[in-house]
Amino acid sequence: RQPMEVSDQPAPTATPGAAKKALKKNNMKKLPPNGNKDCQVDVALLLDGSYNIGQRRFNLQKTFVGKLAHMLRIGPEGPLVGVVQASENPKTEFYLKNFTQPKDVIFAIKEMGYRGGNTNTGKALMHTVQTFFSAENGMRKGV
């Protein structure tokens, strides 16, 4: 490990305006219509929809998943995403095959309702493993 340099000069800081401009530039990029071909992965996301997490934190999870779907640039030739909501009884919200465009995934996530109920993460994991990863539900061979 190299020692950190100490200086009496103030550290450079980014201005909020510069951060906003950089963010706008990144959002303006056109997404490839068939997804990011360099990132072929099938992702199952398990969201906690139990009473222990609460509505506010459930909505934070939904926001995160929407941003993730957009950043991954999902598409039929790129990454695919599916979601299971965990609570007392797990519910598959959508499978890998259901949506192949980020805007559709984001819309489906926004429409997901908070289920509540007791927490049963083990049951949700078993549900996901047993029902989610099959060719019938959109899992791709070799991905």
Side-chain angles (χ1 to χ4, degrees), residues 1-5 9-143:
R1 293 175 49 160
Q2 292 188 354
M4 291 178 48
E5 279 189 74
Q9 299 295 319
T13 58
T15 61
K20 285 181 183 176
K21 285 179 186 174
L23 186 61
K24 282 183 182 178
K25 273 186 182 177
N26 290 339
N27 285 341
M28 298 305 262
K29 290 181 183 175
K30 184 139 174 77
L31 299 175
N34 292 326
N36 182 357
K37 295 176 186 175
D38 296 330
C39 182
Q40 287 193 338
V41 60
D42 294 340
V43 181
L45 297 165
L46 190 62
L47 274 64
D48 188 346
S50 70
Y51 289 138
N52 286 343
I53 202 76
Q55 179 76 52
R56 185 183 69 77
R57 287 185 283 181
F58 178 72
N59 288 336
L60 289 172
Q61 291 177 96
K62 288 172 43 173
T63 299
F64 170 77
V65 171
K67 288 179 181 180
L68 180 67
H70 181 75
M71 289 173 58
L72 283 174
R73 295 183 289 173
I74 67 163
E77 296 176 17
L80 294 179
V81 174
V83 174
V84 173
Q85 186 176 163
S87 61
E88 197 161 338
N89 294 303
K91 178 186 178 196
T92 300
E93 296 290 348
F94 55 90
Y95 289 107
L96 298 165
K97 68 177 183 176
N98 294 129
F99 303 108
T100 58
Q101 296 301 315
K103 63 179 175 58
D104 298 329
V105 171
I106 291 166
F107 180 78
I109 290 165
K110 285 181 180 178
E111 294 296 306
M112 281 177 31
Y114 172 65
R115 295 175 52 96
N118 294 324
T119 304
N120 196 334
T121 308
K123 189 174 183 180
L125 287 169
M126 289 303 294
H127 168 82
T128 304
V129 168
Q130 292 170 350
T131 64
F132 209 84
F133 294 108
S134 68
E136 179 182 283
N137 292 326
M139 187 179 94
R140 298 170 288 183
K141 192 172 190 142
V143 174

Check residues 106-117 and write down every donor-acceptor pair under 3.5 Å in which the side-chain atom is one partner and the other belongs to a residue at least two apart or another chain.
residue	atom	partner	partner atom	Å
Tyr114	OH	Ser50	O	2.8
Arg115	NH2	Asn89	O	3.0

Does Ile74 form a side-chain contact (heavy atoms from CB on, under 4.5 Å) with Val105? I'd like the steps, not just the answer.
CA-CA 9 Å; Ile74 67 163; Val105 171; 3.1 Å; yes

Test Gln61 against Ile53 for side-chain contact (heavy atoms from CB on, under 4.5 Å), laying out the working first.
CA-CA 10 Å; Gln61 291 177 96; Ile53 202 76; 3.8 Å; yes

Would Gln85 and Phe58 count as a side-chain contact (heavy atoms from CB on, under 4.5 Å) if you check the C-alpha gap in whole Å, the side-chain angles of each, and the deciding distance to 0.1 Å?
CA-CA 10 Å; Gln85 186 176 163; Phe58 178 72; 3.6 Å; yes

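Side-chain N or O atoms of Gln40 include one that pairs as donor or acceptor with a backbone N or O of Glu77 at under 3.5 Å. The main-chain N or O of Tyr95 is found under 3.5 Å from a side-chain atom of Asn98 such that the two form a donor-acceptor pair.
Here the straight-line distance linking atom CG of Asn120 with atom NE2 of His127 works out to 12.0 Å at 0.5 Å rounding. The line from OG1 of Thr128 to CZ of Phe133 is 7.5 Å long, rounded to the nearest 0.5 Å.
Side chains of Gln101 and Pro76 form a contact here, defined as non-hydrogen atoms less than 4.5 Å apart. With contacts defined as side-chain heavy-atom distances shorter than 4.5 Å, the pair Leu68/Leu45 qualifies. Between Phe132 and Leu96, some side-chain heavy-atom pair lies under the 4.5 Å cut-off. Residues Asp48 and Arg57 fail the side-chain proximity criterion, which asks for heavy atoms closer than 4.5 Å.
Heavy-atom minimum distance, Pro79 versus Leu72: CG-O, 3.4 Å. Between Val84 and Pro90 the shortest heavy-atom distance is CG1-CB, 4.2 Å.
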